[in-house]
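Order of appearance sets the numbers: ligands from 1, and atoms from 1 within every ligand. Residue numbers run from 1 in the order of the sequence given.
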Amino acid sequence: MVDLKNQYVKIKPAIDTAIQECIDSTAFIKGPQVGAFEKALATYLDVQSVISCANGTDALQIAMMALDLKPGDEVIVPAFTYVATAEVIGLLGLTPVMIDVDPQTCNINRALVEEAITSKTKLVVPVHLFGQCADMEGILALTNAHNIAVIEDTAQAIGASYTFTDGTSCKAGTQSHFGTTSFFPSKNLGCFGDGGAIYTNDPVLAQKARMIANHGQPKKYVHEVIGINSRLDTLQAAILLEKLKHLDVYSMARQKAADFYDAAFKPIEAIEIPYRAANSTHVFHQYTIKIPAQSRDDFKNYLSQKGIPSMIYYPIPLNEQKAYQGLGRTVGNLSHTKALCQSVLSLPMHTELSVPQLEYITSTVQSYFS
Ligand SMILES: *Cc1c(COP(=O)(O)O)cnc(C)c1O
């Protein structure tokens, strides 16, 4: 599904030097590379503050803690997403309200957000799934009108751009209270272990998030709130500083591979290729097709026999997971989420896909459906 080895080999001297510098300095925690990476990412995203942390799940937790939500407050999330989004809501004693997604984009649906809002709603967490932004303009219009906070989970969409109808563009995760992301190795900007970050343009929220991530201390041995311990290692920051320089090239490589897949699969009636929204670029964290539910398992097995990996992201709606049953509520019948769980299949997608590899994958797919 990914090829991290060849990606590393291409920038090996720079990465190895950066790592060796960390070891030589022994500043393993809060070394200068951590602040330097936060600044570099803030510049890249054109956002005021970036706060690094230990992983993308912590990033969501820190952002939610910084918003001072109270147990029982309702948080609207898509039912079709990675578990982390809802997990943190549950851990903080908040009430998840799991709603259906748009069947084309697989992203949270504005009309359903509107339907889900009650007087208890305090937060909406759109997830920019697979690398494409949710309908932020529509969502922000709603949340602004109701005075509801927004955290964008951009773990799969770092580098994607969103364009509003007035023509202004911004990077994913920079238009709401917080954006959060993950630097898990297979994410679009991945380190060599775990890592995450929070972004915001609000200086008060930035300071709060930084304090929460650091044991709730505004200064050493002064604890204003109960916080957590969530840090990005200096080694990971040094690697990310180097890899950030290549993020746009990485995104383009993914888009090129996606274009190749699109062209090959468009004529195949049984395959629905990824929908491309007009107001967002797509950075293809995943290349996810939809195929008829009754043939998916057979098709997946066929690919596997031909040496082609594929994955189902995600097989079970959040609200049907044992841990989340009876927690919070759902809105509507979640029919699109259910259907997507039965029909999605993600194909190999990474920065190192060669034309011969793409040709092999696409011709194998074509031969199955011919
Ligand atoms: C990967 C991911 C996360 C969690 O990131 P970790 O660094 O693994 O904690 C959260 N949300 C989404 C949508 C993700 O894809």
Exercise for review: Output the list of atoms in ligand 1 that are nearer than 4.0 Å to some heavy atom of K187, sorted by atom number.
Suggested key: 1 (C), 2 (C), 3 (C), 5 (O), 14 (C), 15 (O)
Check your understanding: Side chains of Y287 and D262: do they bring a donor and an acceptor to under 3.5 Å?
Key -> yes
Check your understanding: Are the side chain of T168 and the backbone N or O of F164 linked by a donor-acceptor pair below 3.5 Å?
Key -> no
Review point. Do D153 and ligand 1 have an N or O pair less than 3.5 Å apart?
Key: yes
Point to revise | atom 9 (O) of ligand 1 - nearest protein heavy atom and its distance | key: T57 OG1, 2.5 Å
**Study point:** For V127, atoms of ligand 1 separated by under 4.0 Å from a heavy atom
**Key:** 13 (C)
**Study point:** Contact (N/O only, under 3.5 Å) between Q156 and ligand 1
**Key:** yes
Check your understanding: Ion pair present between K208 and D202, side-chain N to carboxylate O less than 4.0 angstrom?
Key -> no
Practice item. Verify, without hydrogens or angle tests, whether Q255 (side chain) and F284 (backbone) share a donor-acceptor contact under 3.5 angstrom. Key: no
Review point. More than 12 non-hydrogen atoms from neighbouring residues, nucleotides or ligands closer than 6.0 Å to CG on D24, yes or no?
Key: yes
Exercise for review: Using a 4.0 Å heavy-atom cut-off, say whether H285 meets ligand 1 through its side chain, its backbone, both or neither.
Suggested key: neither
Check your understanding: Would you say A155 and ligand 1 have an N/O pair spaced under 3.5 Å apart?
Key -> no
Check your understanding: Taking N or O atoms only and a 3.5 Å limit, does Y82 qualify as a polar contact for ligand 1?
Key -> no
Revision key, fill the gap. Exactly one of T81, I108, L140, V77 clears side-chain contact (heavy atoms from CB on, under 4.5 Å) with P126, and that residue is I108
Review point. What part of N55 sits under 4.0 Å from ligand 1 if we count only heavy atoms: the side chain, the backbone, both or neither?
Key: both
Exercise for review: Run the ring-centre check on F183 versus F37 and record whether the distance is less than 6.0 Å.
Suggested key: yes
